[in-house]
Amino acid sequence: MRVSLREVAYTRSGDKSDTSNVGVVPYRPDDLAWLERELTVDRVREAFSGLVVGDIRRYVLPGIHALNFVMEHALGGGVSRSLNLDAHGKSWGNLMLSMEVEAPQGWSPAWPEVSAHD
Amino acid sequence: MKETVRIGWGSAYADDNLDPAEDLAQFGRLDALCFDALAERTLALAQIRRRHDPLQGYDLRLDEFGRRFLPYAAQGLKLVTNMGAANPMAAAHRLSQIAQEMGLGTVRIAAVTGDDVTDAILALDPLLDENGRALSQMPGKPVCANAYIGAEPLVQALNQGADVVVGGRIADPSLGLAVLRHGFGWSDTDWNRLGQGIVVGHVLECGTHVTGGNFADPPYRVVPHLDRLGMPLAEVKGDGSAIIGKLDSSGGMVTTETVKAQLVYEIHNPAQYFTPDVTADFCGVEVLPIGPDRVMVVGGRGTARPQTLKVLVGIDEGWHAEAEISFAGPGAYERARLSQQILLQRVEHYDRQDVAEVRCDLIGINAIFGPASPQPASFPEDVRVRLAAHTWHQDTAERLTREVEWQYFGPSGGGGVRRRVTPRLAMYSTRIDAQAVRPRVAFIG
């Protein structure tokens, strides 16, 4: 079942010089196992093709069930040098969320419950 | 020793709003309030202000900070900040002056200096991380170099009775770690506690990032009362375990999701988060819901601190030119494309030695993600053309922005031109032997 990553996880992007990192946190910790299979470095490189020039590495934060993608030469030189309108790459995580992933049979989104607040 | 230390976070960068910080000072029952004020470029801009006036170079909010928060310092709230930016000594003297004017002369103010390593870096001529080139081989002129320094001098100042500690390029999470080391007497080689202390500082250091800022994505993620977002606070125990929270009166929310989002912010290898104090390990960090707007953070660990410190070098690299023009209504995309083509043709006639880099975007179509932009289902009828360039001469930058203005006479209906020319202060990173950097504490008065 093809689903948008936005149904499964949220992201946050950060910048250090010309390196961007995008943390991907599934709403449900159990979804990390299949997300790890789906959200490979190769697929992320494809989604950021032409935007990220350098290497991409993926790390796992087991305690919070999250993935972290570290992307080099990803910001057109970094905030002080980039000519990109979004020089920080604040929205790189949102580009990540536009990716599609193959969810297991019978999977359903979790987000309506977790966003219920107040 | 205290059983619990309550830390509030009052600022996450140089232009942050100080209103939520004052709410925390008033109602947070805090031991300390930390103010981070430095992003990568902030300090270099401050160095330029100091060049124009040797008494300047500190955070532009310093007077407001003094007037609003020194009265709380007089009542026992510790204020810990890197708002000294390029001139911590001048900042401390200015705060002392404000304290005198307000009749708060008993407040003890300390400056932390020693992060400015400009002379040392110029002599060392190190390779830059970004491109592997030696500093001296770069085409621009170096403006400044500052090393990220850690909690140690802040702890010394606090232990000697400082109420206010103001420094320069102190690493953001180290501001919080200093408060914890002071409060609990942690040694500077208690790596696991220091690692957890950095985790706490990291969760707090971006302020509203953990209370619901930069998080809402309706309908997937809904954050209440973003119009009155508050700053975070942490209740920390002697083992470093921390409950992250906020004032009930403020908007936003602290949930396991907001805390996790901040934990992954601007980290690379989570097993080795390098700071001047400790190499922190985020891999075992867990977040546990404790109650409404209360989330426990535990499990940070650490190993020995790096032998080198990160240094940011600012280099004067000429100018940034940026200008935009809008096209709206039927055919907006086609007219914007035409304008883009005309602009790129005209830029061809410029001296490409002077125009080092140029790009022309269609805002609303593909300005941000460029070639990685997903194909739109249809084109909007409201598109903005943006020309951006790096030039070595100011007059070239000015003229390039005029090119966009002249698109009033390009395709029909171009409007809303905005032009901007700014100095390009480019930041590069390198490292310096930690032994070569000697932070110092000076009490004022």
Side-chain angles (χ1 to χ4, degrees), chain A residues 6-7 10-25 27 46-52 57 59-68 70 72-73 76-86 88-95 97-99 109 111-112 114-118, chain B residues 39-41 44 129-130 209 214-215 217-225 253 255-257 259-271 282-287 299 312 314 317 320 322 357-359 361 363 367-374 386 388-390 424-429:
Chain A
R6 195 170 170 224
E7 303 278 341
Y10 55 96
T11 55
R12 178 159 294 168
S13 5
D15 68 294
K16 283 203 194 293
S17 191
D18 200 13
T19 304
S20 169
N21 86 294
V22 176
V24 180
V25 191
Y27 290 106
E46 193 183 326
F48 284 81
S49 169
L51 187 62
V52 170
R57 296 185 305 281
Y59 298 98
V60 181
L61 286 91
I64 60 167
H65 309 93
L67 297 173
N68 186 34
V70 179
E72 291 175 1
H73 299 292
V79 63
S80 62
R81 281 172 285 146
S82 173
L83 298 183
N84 194 303
L85 191 55
D86 178 4
H88 293 95
K90 295 281 185 192
S91 54
W92 276 209
N94 302 78
L95 178 59
L97 290 185
S98 73
M99 291 177 68
W111 56 267
V114 297
S115 65
H117 188 276
D118 214 0
Chain B
E40 284 184 355
R41 201 171 32 168
D129 291 346
E130 283 78 4
H209 260 189
N214 191 12
F215 189 76
D217 186 5
Y220 294 83
R221 298 190 296 285
V222 177
V223 179
H225 308 299
M253 62 185 190
T255 66
T256 54
E257 282 83 23
V259 174
K260 286 191 263 186
Q262 174 55 23
L263 275 167
V264 295
Y265 183 68
E266 289 184 352
I267 65 168
H268 291 172
N269 179 352
F282 284 43
C283 288
V285 173
E286 291 183 66
V287 299
L312 280 182
E317 288 190 350
H320 269 170
E322 199 176 6
E357 188 186 355
V358 66
R359 66 184 282 166
D361 303 309
I363 297 176
I368 309 280
F369 299 146
S373 302
R386 169 180 180 265
H390 165 208
R424 173 175 161 117
L425 187 53
M427 303 307 296
Y428 294 85
S429 36

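Order of the sequence lines fixes the chain letters, A, B, ..., with proteins taken first and strands second; residue numbering starts at 1 for each chain. Just so it is clear, the model here is predicted, and its values are computed rather than measured.
We find the CG-CG distance between Leu83(A) and Asp361(B) to be 9.0 Å, quoted to the nearest 0.5 Å. Put simply, CG on Asp129(B) and CD on Glu72(A) are 10.5 Å apart, with the number rounded to the nearest 0.5 Å. From Ser17(A), atom OG reaches atom CD of Glu40(B) across 5.5 Å, with rounding to the nearest 0.5 Å. Between the OG atom of Ser82(A) and the NE2 atom of His390(B) there is a distance of 12.5 Å, given to the nearest 0.5 Å. Considering CD1 of Ile363(B) and CG of Leu85(A), their distance stands at 5.0 Å, rounded to 0.5 Å.
Tyr27(A) does not carry Arg221(B) over the face of its six-membered ring by the limits of under 6.0 Å from the centre and within 45° of the normal.
Contacts of Leu425(B) with chain A are made by backbone atoms alone, with heavy-atom separations under 4.5 Å and no side-chain atom involved. In this structure, chain B has no heavy atom under 4.5 Å from any part of Val52(A). Only the side chain of His73(A) comes within contact range of chain B, judged by heavy atoms closer than 4.5 Å. Neither the backbone nor the side chain of Ser20(A) comes within less than 4.5 Å of any heavy atom in chain B. Heavy atoms of Ser98(A) lying under 4.5 Å from chain B belong exclusively to its side chain. For chain A, the nearby part of Thr256(B) is the backbone; its heavy atoms alone come within less than 4.5 Å. With a threshold of 4.5 angstrom between heavy atoms, Ala44(B) does not approach chain A through any atom at all. For Phe48(A), the part sitting under 4.5 Å from any heavy atom of chain B is the backbone (N, CA, C, O) and nothing else. The contact between Ile267(B) and chain A is made by backbone and side chain atoms together, counting heavy-atom distances below 4.5 Å. Of the two parts of His268(B), the backbone and the side chain both hold a non-hydrogen atom closer than 4.5 Å to a non-hydrogen atom of chain A. Using a 4.5 Å cut-off between heavy atoms, Ala66(A) contacts chain B through its side chain alone, with no backbone atom that close. Heavy-atom distances place no part of Val223(B) under 4.5 Å from chain A, backbone and side chain included. With a 4.5 angstrom heavy-atom cutoff, Asn68(A) touches chain B only via side-chain atoms.
Across Leu51(A) and Ala372(B), no two heavy atoms sit closer than the pair CB-CB, 4.0 Å. When all heavy atoms of Gly14(A) and Tyr265(B) are compared, the pair lying nearest together is CA-CE1, 3.6 Å. The nearest pair of heavy atoms linking Ile64(A) to Val285(B) is CG2-O, 3.4 Å. What you find for Glu266(B) and Lys16(A) is that their closest heavy atoms are O-CE, 3.2 Å. Nearest heavy atoms, Val264(B) versus Arg12(A): CG2-CB, 4.5 Å. Across all their heavy atoms, Val60(A) and Pro270(B) have their closest contact at O-CG, 3.8 Å.
Among the candidates Arg386(B), Glu317(B), His320(B), Glu357(B), the residue making the largest number of heavy-atom pairs closer than 4.5 Å to chain A is Arg386(B). Comparing Gln262(B), Glu286(B), Lys260(B), Arg41(B) by how many heavy-atom pairs each has under 4.5 Å with chain A, the most go to Lys260(B). For the set Thr19(A), Leu67(A), Asn94(A), Asp18(A), the entry with the most heavy-atom pairs within less than 4.5 Å of chain B is Thr19(A). In terms of heavy-atom pairs under 4.5 angstrom with chain B, the leader among Ser80(A), Ser49(A), Gly50(A) is Ser80(A).
A side-chain donor-acceptor contact under 3.5 Å links Arg424(B) to the backbone of Arg81(A).
Counting heavy atoms from C-beta on, the side chains of Val25(A) and Glu257(B) never come closer than 4.5 Å. Looking only at side-chain heavy atoms (C-beta outward), Pro374(B) and Leu95(A) come within less than 4.5 Å of each other. Side-chain contact between Arg359(B) and Asn84(A): present, with at least one pair of heavy atoms (C-beta onward) separated by less than 4.5 Å. At a threshold of 4.5 Å between non-hydrogen side-chain atoms, the residues Phe369(B) and Trp92(A) count as touching.
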